[in-house]
Amino acid sequence: MAEIPKVYNPSEIEPKWAQEWVEKRLFQAATDSDRPMFSLVIPPPNVTGSLHMGHMLEHTEIDILIRWKRMQGMNTLWLPGTDHAGIATQMVVEKQLAEQGLDRRKLGREAFEKKVWEWKEQSGDTIKKQMVRLGTSCDWSRERFTLDPGLSRAVREVFVRLYEKGLIYRGNYIVNWCPRCQTAISDLEVVHEEHLGNLFHIRYPVAGAEDAVSKEWVVVATTRPETMLGDTAVAVNPSDERYRKFHGRMARLPLMNREIPFITDELADPAFGTGVVKVTPAHDANDFQAGLRNDLPQINVMDESGKMNANAGAYAGLDRFEARSRVLADLKEQGLLEKIEPHTHARGHCQRCKTVVEPRLSTQWFVKVKPLAESAIRAVEDGRTRFLPDNWAKIYFDWMRNIHDWCISRQLWWGHRIPAWHCQACSHIIVAREEPGSCSHCHAGKLEQDPDVLDTWFSSALWPFSTLGWPERTKDLETFYPTSLMITGFDILFFWVARMMMMGVEFMGEAPFRTVYIHSLVRDAEKQKMSKTRGNVVNPLEVTEKYGTDAVRFTLAIMAAPGTDIALSEDRMASYRAFANKIWNAARFLSLSLEKSGAEPWTPPADGVCLPLSDSNGQMALEDRWIFSRLTRIAGEIGTAWEAFRFHEAAHLIYHFFWHEFCDWYLELKKLTFAPLQGPLPPAWENLCRAFDLSLRLLHPMMPFLTEELWQRLGPRQQSIALAPFPNYNPTMVDESAEKEMNLLQEIIGNIRNMRAEMRVDAKRKIPVELFAANGNVSRLSGQYSQAIERLANLSALQLVAEPLTAEGGAVRSLPEFAVKIALNDAVDVEAERNRLKKEEEKLQRDRNAVSARLQNQEFLSKAPKDVVESLRQRKEELDVKYSKVTETLRNLN
RNA sequence: GGGCGGUUAGCUCAGUUGGUUAGAGCACCUGCCUUACAAGCAGGGGGUCGCAGGUUCGAGCCCUGCACCGCCCACCA
């Protein structure tokens, strides 16, 4: 093994391995494999920028599972790629153009698209580099982008098939319109925010009764008074007796001086406000429906930028909010503004730019989702796909069962152009996979493609099969679909997961994944959401540079308990950097010791399996028996944890195992056996190397770089640790008696250490200690391991005595299986020991009383399971023994 | 207006079907530079598990109510 530096420096080794893994195409999936398959498609990051901490968590979780499955011998596919993210990316590029004093309209559609492609190349490249640097084990030969030709073909295919099935339609409806982005957006892209606004009560005079004598009016309430300019009716509830007299009459619309009818419609709720409601079919979804029911005209009073248009009469040209103030001022002047009430209501904002969304009447393309949703619901109901944590299934169901049609057209330039062509001669619309030569209706030759593009999520919805080659029946599709797992964030459950479910079931006949795991949200150390505006964003590259990728990955893993958010702090990263350093130094120790021994370097077993080795007499040292027993148990527990996405548990297990078992005890005990050697390594050393090898494999899915580096240094290798078999649980390696004996040894040493500390024995001083063993096992063990006890408890001598120890002339600590004694002249602070014993005596007494009480409870004895009662009895016995020993020791000390 | 989650050590959080003595990291205290590691070693202190009831032989865990915090969904003007 080459010389290892004292301090672990991740930045020296990580880029090297990251590059090598990619170059060697280590993670390429096979289509001709007979091994079990595990596949997963990446939630494609947007090409709007670089990866953030949320991505890093997502990728860490995915990578841990993929690496683990791969090490278990499965044929794994992690398919990487990126999303064109229509509106978001277009905005980024438009912003850049604005900085140069340009805008997309000046540039023209074609030139603008070219600019966006340039951006995409750069951003996509950054993302890939970042992923490689973070060690993600993707199959880069299968990298995809949502606007790739193949994926675009899949989009057109799906569009046409849905259209032909009657599940895509075009029509004039109220949609959510962002006046800033100047496009329609879907319901999901509208975020509602509580807003303290006003409810304006406006008088609408009754036609024919405007004069001073018969003066009559009704009062309507609205939060958006400027829309009144487009009112085409006033509605009252048919059952509302108060307004019966107005049925069939007309109202005079103020400001516009237009007569509009009173209509009776359920739209009006007698209990709300005055029970009279203005009807504006072109600017409100409910009014729109009422308008259809009552055959009302639709008057659109705004343009696409939110400015009032010619239909708004005197207000034309004003911005909608300016128009609002002017309308109110004018109403007030005319005495028609009855009152203004403060009113809290939810207001819709554009998810991207936060502009207040305007309900707008326009012609758009829609997907009729109900039929698709039904099959997607069934797939989860009957367990073909399961959600974890399972509360997400409920949220999925709730949304799917109340789903509304999906507006899929966007008035943008960046995205998949809608595959529909408008005949310039007869206005016929042709939906087709490829551009038609002439109109199928009038046979004229002049056709123009619909200018709109599709909602980004339309193509994302196809991702699990479009990336595998659909609509071709490819080998990839056959091998890897349905995918085994989807790991993603809850924020795109509806946007993406739900829609993939619908499209997957519809076009593949099978849901796209067996399991959907919803991961945590990464917050900052103060539990605040990370956002650019808050300025609390942790940059993955920065922290990986500072603490090492493995440490950051480990931090994320150990904090990733299902269903809870992660409060990421640099303190934690620092502590897991220390863990990485610990592993590094264990390796360093091993390498230095091997070198010093003079023996031949270690050669890993050819079969790749590292079973423990007995000596020529068939014997194995206690520490070896113990560590392999612990190793196999931990391997099993880690697997169980990962199987259930309990990443935090797996991380805790390995952390504790490696640090507090492997290093603190195993290595310390091993030090005793080191002696000069020559020739091949004896079993004691062989086992040390093998146990370390296996430990590195357990660690590898979480800390790929460090483990690869050390594994390669540990012995000559043919391949990467990423392809080494993962040490699964092996019951034959469990050694209960070794575990028991080891526990005893640890207890003896621990008690002496504790005693020394309590009594303030100089830490540097080696002192003699007497030990009494209560039975043959203890006596044999302590005899055999007296050197270990001496070394680990810093003793000059461990003296085994045959008679029970008395506290005469010393301080004694008695436990059920053994007692230890320090001579008084070695103990500086006997008083401290006395106080400690008193405290312990009190506690033991309390515990005994509590346990006795329970054991005397007849109901407990009769109703509790036998094993519970039995273990409590045993506990009582233990407590009794401990108590009497403590009491006795204390008496002797006095 | 509906729905969901949280409240456990000074801080940040674990605690899978109710079962012996509630854990971790960081921070803190004491002592050690013991040649793998001071990013280390050894030892230690610290919790009425948000509040009030209930179910149970037994509750951090189950039920009810309350308080505070956070989130999601929603076409009531």
Side-chain angles (χ1 to χ4, degrees), chain A residues 4 6-8 174 187 192 199 220-224 235 267-269 271-274 276-280 284-289 343 345-346 348 359 391 394-395 398-399 402 404 490-491 493-494 521 525-527 529 555 558-559 561-569 571-572 574-593 640-641 644 646 648-649 652 655-656 663-664 667-668 671 750 753-758 760-764 791-794 843 847 850-851 854 857-865 867-869 871-872 874-876 879:
Chain A
I4 299 186
K6 189 165 173 176
V7 173
Y8 169 53
I174 296 280
D187 294 348
H192 295 273
L199 194 56
V220 299
T222 179
T223 54
R224 294 186 296 146
L267 176 70
D269 174 3
F272 188 92
T274 57
V276 187
V277 61
K278 63 194 265 315
V279 186
T280 324
D284 182 278
N286 288 320
D287 293 9
F288 174 77
Q289 293 300 334
H343 179 68
H345 64 255
N391 61 306
K394 188 178 172 313
I395 294 166
D398 285 350
W399 189 74
N402 295 302
H404 299 297
F490 67 86
D491 51 331
L493 183 67
F494 307 143
L521 186 67
E526 274 72 49
K527 284 186 80 176
K529 225 172 185 166
T555 305
I558 206 164
M559 299 186 84
T564 61
D565 291 346
I566 291 176
L568 193 65
S569 76
D571 277 357
R572 296 294 291 263
S575 73
Y576 300 117
R577 174 183 60 186
F579 180 48
N581 191 54
K582 185 79 183 173
I583 300 165
W584 180 261
N585 273 289
R588 181 164 169 267
F589 168 67
L590 194 52
S591 114
L592 290 174
S593 308
T640 306
R646 303 174 66 80
H648 68 298
E649 210 171 273
H652 275 292
Y655 180 92
H656 185 268
C663 291
D664 288 353
L667 285 185
E668 290 304 321
K671 285 179 181 173
R753 282 172 173 173
N754 174 270
M755 231 174 148
R756 291 180 57 126
E758 290 288 344
R760 301 190 169 276
V761 177
D762 183 352
K764 283 165 288 191
R791 181 183 168 114
L792 297 185
N794 200 24
K843 172 146 177 39
D847 289 354
V851 173
R854 288 182 65 193
N857 184 332
Q858 281 311 315
E859 280 194 289
F860 171 70
L861 295 176
S862 60
K863 288 184 183 169
D867 55 322
V868 172
V869 175
S871 62
L872 199 64
Q874 272 176 29
R875 168 138 177 80
K876 176 71 168 62
L879 284 172

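Naming: A, B, ... by sequence-line order, numbering from 1 per chain. Worth saying up front: this structure is predicted, and the values here are computed from it rather than measured.
Remark: A24(B) base-pairs with U12(B); criterion is Watson-Crick or G-U wobble with both hydrogen-bond distances under 3.5 Å. Pairing partner, G18(B): none, since no Watson-Crick or wobble contact has both distances short of 3.5 Å. When both pairing distances are held under 3.5 Å, G70(B) makes a Watson-Crick or G-U pair with C4(B). Of the nucleotides present, none pairs with C76(B) by Watson-Crick or G-U wobble criteria with both distances under 3.5 Å. Both distances falling under 3.5 Å, in either a Watson-Crick or a G-U wobble arrangement, place A52(B) opposite U64(B). Nucleotide U35(B) forms a pair with no other nucleotide shown, judged by Watson-Crick or G-U wobble geometry with both contacts under 3.5 Å.
A straight line from CG of Asp287(A) to P of C76(B) spans 13 Å, rounded to a whole angstrom. Tyr8(A) places its OH atom 17 Å from the P atom of A38(B), with the value rounded to the nearest Å. The distance between atom CG of Leu792(A) and atom C1' of G43(B), rounded to the nearest whole Å, is 15 Å. Between the P atom of A36(B) and the NZ atom of Lys582(A) lies a distance of 11 Å, rounded to the nearest Å. When the C1' atom of C75(B) is taken as reference, atom CZ of Phe288(A) falls 13 Å away, rounded to whole Å. Rounded to an integer number of Å, the gap from CE of Met559(A) to P of C26(B) is 12 Å. Spacing between atom CD1 of Ile566(A) and atom C1' of C11(B) amounts to 17 Å, rounded to whole angstrom units. Regarding Arg756(A), its CZ atom lies at a distance of 15 Å from the P atom of U34(B), rounded to whole Å.
The aromatic rings of His343(A) and His345(A) lie tilted to each other, with the angle between the two planes from 30° to 60°. Taking the six-membered ring where tryptophan is involved, the planes of Trp399(A) and Phe494(A) are essentially parallel, since the angle between them stays under 30° and well short of 60°.
Across all strands, Asn286(A) comes closer than 4.0 Å to base atoms (heavy-atom distances). Among the protein residues, Lys764(A) comes within range of the sugar-phosphate backbone only, with heavy atoms under 4.0 Å from sugar or phosphate atoms but none that close to a base. Nucleic acid contact for His345(A): sugar-phosphate only, since backbone atoms but no base atoms lie under 4.0 Å from a heavy atom of the residue. Nucleic acid contact for Asn581(A): base, since at least one base atom lies under 4.0 Å from a heavy atom of the residue. Among the protein residues, Ala346(A) comes within range of the nucleic acid bases, having at least one heavy atom under 4.0 Å from a base atom. Using a 4.0 Å heavy-atom criterion, one finds that Thr564(A) contacts the sugar-phosphate atoms exclusively. Within 4.0 Å (heavy atoms only), Ala580(A) reaches no atom of the nucleic acid at all. Heavy atoms of Ile174(A) sit nowhere under 4.0 angstrom from any nucleic acid atom. Within the 4.0 angstrom heavy-atom criterion, base atoms lie near Lys671(A). Using a 4.0 Å heavy-atom cutoff across all strands shown, Val7(A) reaches at least one base atom of the nucleic acid. Using a 4.0 Å heavy-atom criterion, one finds that Asp762(A) contacts no nucleic acid atom at all.
Residue Asp571(A) places its side chain closer to C26(B) than to any other of C76(B), C26(B), C37(B). When the nucleotides G44(B), G40(B), G25(B) are ranked by their closest atom to the side chain of Asn754(A), G44(B) comes out on top. Listed nucleotides: G43(B), G3(B), A74(B). Nearest to the side chain of Lys394(A): G3(B). Looking at the side chain of Arg588(A), the nearest of the listed nucleotides A36(B), C57(B), C4(B) is A36(B). In the set A36(B), C4(B), C57(B), C57(B) carries the atom at the smallest distance from any side-chain atom of Asn857(A). Closest to the side chain of His648(A), out of C26(B), C57(B), G15(B), is G15(B).
Interatomic distance, CG of Leu521(A) versus CG of Asp565(A), reported as 5.0 Å (0.5 Å rounding). The line from CZ of Phe288(A) to OG1 of Thr280(A) is 13.0 Å long, rounded to the nearest 0.5 Å. Between Met559(A) atom CE and Ser569(A) atom OG the span is 5.5 Å, to the nearest 0.5 Å. For the atom pair Arg588(A) CZ and Ile583(A) CD1, the distance stands at 15.5 Å (nearest 0.5 Å). If you take CG on Leu861(A) and CZ on Arg854(A), they are separated by 10.0 Å, rounding to the nearest 0.5 Å. Atom-to-atom distance recorded for Arg577(A):CZ and Trp584(A):CH2 is 15.0 Å, nearest 0.5 angstrom.
Separation of the C1' atoms belonging to U12(B) and U16(B) is 22 Å when rounded to the nearest angstrom. As rounded to the nearest Å, A24(B) and A36(B) have C1' atoms that lie 25 Å from one another. When the P atom is compared between A42(B) and C63(B), the two are found 43 Å apart, to the nearest whole Å. With C1' as the reference atom, G6(B) and C66(B) are 16 Å apart, rounded to whole Å. Between the C1' atoms of A59(B) and U48(B), the separation comes to 15 Å (whole Å). A distance of about 11 Å separates the C1' atoms of G47(B) and G10(B), rounded to the whole Å. Nucleotides G70(B) and G18(B) have their P atoms positioned 32 Å apart, rounded to a whole Å. Between C61(B) and A22(B), the distance separating the two C1' atoms is 11 Å to the nearest Å.
Residues Leu667(A) and Ala567(A) both approach RNA chain B. Their nearest nucleotides, taken by heavy-atom distance, put Ala567(A) toward the 5′ side. Comparing His404(A) and Ala586(A) by the nucleotide of RNA chain B whose heavy atom lies nearest to each, the residue mapping closer to the 5' end is Ala586(A).
Side-chain contact between Lys764(A) and Asn794(A) is absent, with no heavy atoms from C-beta onward closer than 4.5 Å.
Side-chain N/O atoms of Lys6(A) and base N/O atoms of A38(B) include no donor-acceptor pair closer than 3.5 Å. One N or O donor and one acceptor, one from the side chain of Glu668(A) and one from the base of A36(B), sit under 3.5 Å apart.
Using a cutoff of 4.0 Å between basic side-chain nitrogens and carboxylate oxygens, Lys278(A) and Asp287(A) are not scored as salt-bridged. At a threshold of 4.0 Å, the pair Asp762(A)-Arg756(A) does not count as salt-bridged, since none of the basic side-chain nitrogens sits closer than that to a carboxylate oxygen.
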* Asked: Nucleotide by nucleotide, 5' to 3', does protein get under 4.0 Å of the base (B), only the sugar-phosphate (S), or neither (-) in nucleotides 16-24 of chain B, counting heavy atoms?
  -> ---BBB--S
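The phosphate of C75(B) (OP1 or OP2) has a side-chain N or O of His192(A) nearer than 4.0 angstrom.
Stacking of Lys671(A) on the aromatic ring of Phe589(A) is recorded, both the 6.0 Å distance cut-off and the 45° axial limit being met.
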